[in-house]
Enquirer: 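Sharing a structure with you now.
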Number of protein chains: 2
Amino acid sequence: MTEKKQLPLRDRQITSRILISAVGSLLAKKGFKGLGVNAVAREAGVDKVLIYRYFDGLPGLIAAFAQQEDFWPSTREMAGGDLEQFSGLPLDEKLSMFTASFIQALKKRPLTRAIMAWEMIEPNELTEELERVREESIMTFFQMFFAKDKTGIDLQALVMLVGAALSYLVIRSDNIDVYGGLDLATDQGWDRISSVVNMVIQRVIPQE
Amino acid sequence: MTEKKQLPLRDRQITSRILISAVGSLLAKKGFKGLGVNAVAREAGVDKVLIYRYFDGLPGLIAAFAQQEDFWPSTREMAGGDLEQFSGLPLDEKLSMFTASFIQALKKRPLTRAIMAWEMIEPNELTEELERVREESIMTFFQMFFAKDKTGIDLQALVMLVGAALSYLVIRSDNIDVYGGLDLATDQGWDRISSVVNMVIQRVIPQE
DNA sequence: TGCTTATATCACCAACAGGTGACATGCGTC
DNA sequence: GACGCATGTCACCTGTTGGTGATATAAGCA
């Protein structure tokens, strides 16, 4: 029981990192509800005044957290890991690959889901910034791989619609097990969702 | 300026209604962030102790609010207003009608959107109850009109996928104007979204 | 050694939260 | 009128929040 009084590190870099990672663990534990100056400082085992000194307040700290975390999947990840190979695929396979990758990317990022949910109820400078990064990332991905289609269908709207549906379902899966009869808690349930998306893709994309 | 001291009504029913409607206006003004005992009492211009006496606390008050509001569209509304007519439509037109009605129903219910967003970050007894009502409503609607299809496709998953996408986009439209290049702020933007859903429906549903 | 500076803690503040017990006041009944 | 009861107000409690000024202490340097 010698935990009462850790000797201070007196190292700004390390202390800063401790604070940043405290944001992460607190976010994972309690969500954004319990994310305050006092709580973060407690979690980090450090005085809250350091948040003001080093990050100029909580927003600054959260911004630092968001920057260092890969809270949003990269273009490469959304393409299934291999950009070269991806760009060579036919359109329908690209879409299927994107669907599967997107689900996986969100499922393994609890913090991203928490932030996405947060954005819906508390828009502020910070969420706007995160939002901007994401919008840009999505658009880059889309332009890169889907822009030059000549299918005659509104591919962009279709992709975004699928993205919206998957985002919603993954976020919901944190709180509920069933949505409209769809099982969100098991891999089989997600297979079913992937399947229907793929079915739509197959019937909508003109085969060459 | 004689507003300082309204004479007390001394009518439990009326006072209760005032409290309930205060929840609504506060929710519309500030969202769930500022929804506390003190704030509601202030908004209602009434002492907060009455919340405990009449509703046994804030959860009870919110429950009362949720019950009296039509926070979730009825089966009839989702069917476009006329159940008879709706049930006579071919499957693809049913789906198109549902899509349009669902968008409209959510767009005109800011409180429903707020509650839906709230459910994603603060699951509790109350949100679970609202959730249950909604799940039941959706399933009833689906069973009633889409259960007996013989199309061979996973109609349920398709409908729920569309519902998820639309829910997400409408909720997002409260905070952002553009999602993945889709315009969420204008009717034209929503026409585009409806169109792509209808296109999917046309190509996916086997025509007779 | 002694000095400066960065690092971190502590003590405190005002504002607000949820919650409760004591009290005032009006209404219906006998 | 006098009583009891429902309705409503008030004062106050404890705990927590965001925020800040004063202070201790370790590290680096002359």
Enquirer: With side-chain contact (heavy atoms from CB on, under 4.5 Å) as the test, would you mind laying out the steps for A:Tyr52 and A:Val37 before giving the verdict?
Expert: CA-CA 9 Å; A:Tyr52 296 97; A:Val37 178; 3.6 Å; yes

Enquirer: B:Tyr52 side chain: which of C:dG19, C:dA17, D:dG8 is closest?
Expert: C:dG19

Enquirer: May I have the distance from B:Leu50 (atom CG) to D:dA6 (atom C1'), rounded to whole angstrom?
Expert: 11 Å

Enquirer: Just how far, in rounded Å, is C1' of C:dT5 from CG of A:Asp11?
Expert: 15 Å

Enquirer: Heavy-atom distance under 4.5 Å between the side chains of B:Glu131 and A:Arg172, does that happen here?
Expert: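 Side chain of B:Glu131 against side chain of A:Arg172, heavy atoms only: contact under 4.5 Å found.
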
Enquirer: Let me see the working for A:Phe141 and A:Phe98 under ring-ring contact (aromatic ring centres under 6.0 Å, His included), right down to the final yes or no.
Expert: CA-CA 10 Å; A:Phe141 181 71; A:Phe98 163 72; 5.4 Å; yes

Enquirer: May I have the step-by-step check of side-chain contact (heavy atoms from CB on, under 4.5 Å) for A:Ser195 and B:Asp154, ending in yes or no?
Expert: CA-CA 9 Å; A:Ser195 296; B:Asp154 190 347; over 6 Å; no

Enquirer: For A:Arg42 and D:dG18, what is the distance between atoms CZ and C1' respectively, to the nearest whole Å?
Expert: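 After rounding, the gap between these two atoms is 12 Å.
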
Enquirer: Verify salt bridge (Lys or Arg N to Asp or Glu O under 4.0 Å) between B:Glu77 and B:Arg109, making sure each step is shown before the conclusion.
Expert: CA-CA 13 Å; B:Glu77 184 174 355; B:Arg109 282 181 175 79; 2.8 Å; yes

Enquirer: In sequence, state the C-alpha distance, the side-chain angles, and the governing distance for B:Val162 and B:Val200, and then conclude on side-chain contact (heavy atoms from CB on, under 4.5 Å).
Expert: CA-CA 10 Å; B:Val162 171; B:Val200 168; over 6 Å; no

Enquirer: Let me know, please, whether B:Gly57 or A:Gly45 comes out on the 5' side of the other along DNA chain C by nearest nucleotide.
Expert: A:Gly45

Enquirer: Counting just side-chain N and O atoms, does B:Tyr54 come under 4.0 Å of either OP1 or OP2 of D:dA6?
Expert: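 No, outside the criterion.
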
Enquirer: Which ones in residues 12-39 of chain A lie close to DNA chain C, meaning a heavy atom under 4.0 Å from one of its atoms?
Expert: A:Arg12, A:Thr15

Enquirer: Could you check how far CG of B:Asp56 sits from P of C:dT20, rounded to whole Å?
Expert: 10 Å

Enquirer: Specify the separation, in whole Å, of atom CG of A:Leu58 and atom P of D:dG18.
Expert: 7 Å

Enquirer: Can you establish whether the number of heavy atoms outside A:Asp56 located under 6.0 Å from its atom CG is more than 12?
Expert: no

Enquirer: In whole Å, I'd like the distance from the CD1 atom of A:Ile51 to the C1' atom of C:dC10.
Expert: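 Between C1' of C:dC10 and CD1 of A:Ile51: 16 Å.
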
Enquirer: At under 4.0 Å between heavy atoms, how does the protein contact nucleotides 21-28 of chain C? Give one character per nucleotide, 5' to 3', with B, S or -.
Expert: B--BBS--

Enquirer: Would you check, one step at a time, whether the test side-chain contact (heavy atoms from CB on, under 4.5 Å) holds for B:Gln156 with A:Arg192?
Expert: CA-CA 10 Å; B:Gln156 179 174 17; A:Arg192 184 181 174 192; 3.2 Å; yes

Enquirer: Applying side-chain hydrogen bond (donor to acceptor under 3.5 Å, both in side chains), can you list everything that pairs with A:Thr112, at least two apart in sequence or on another chain?
Expert: none

Enquirer: Figure out the NZ/P separation between A:Lys48 and D:dT16, and round it to whole Å.
Expert: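 After rounding, the reported distance stands at 12 Å.
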
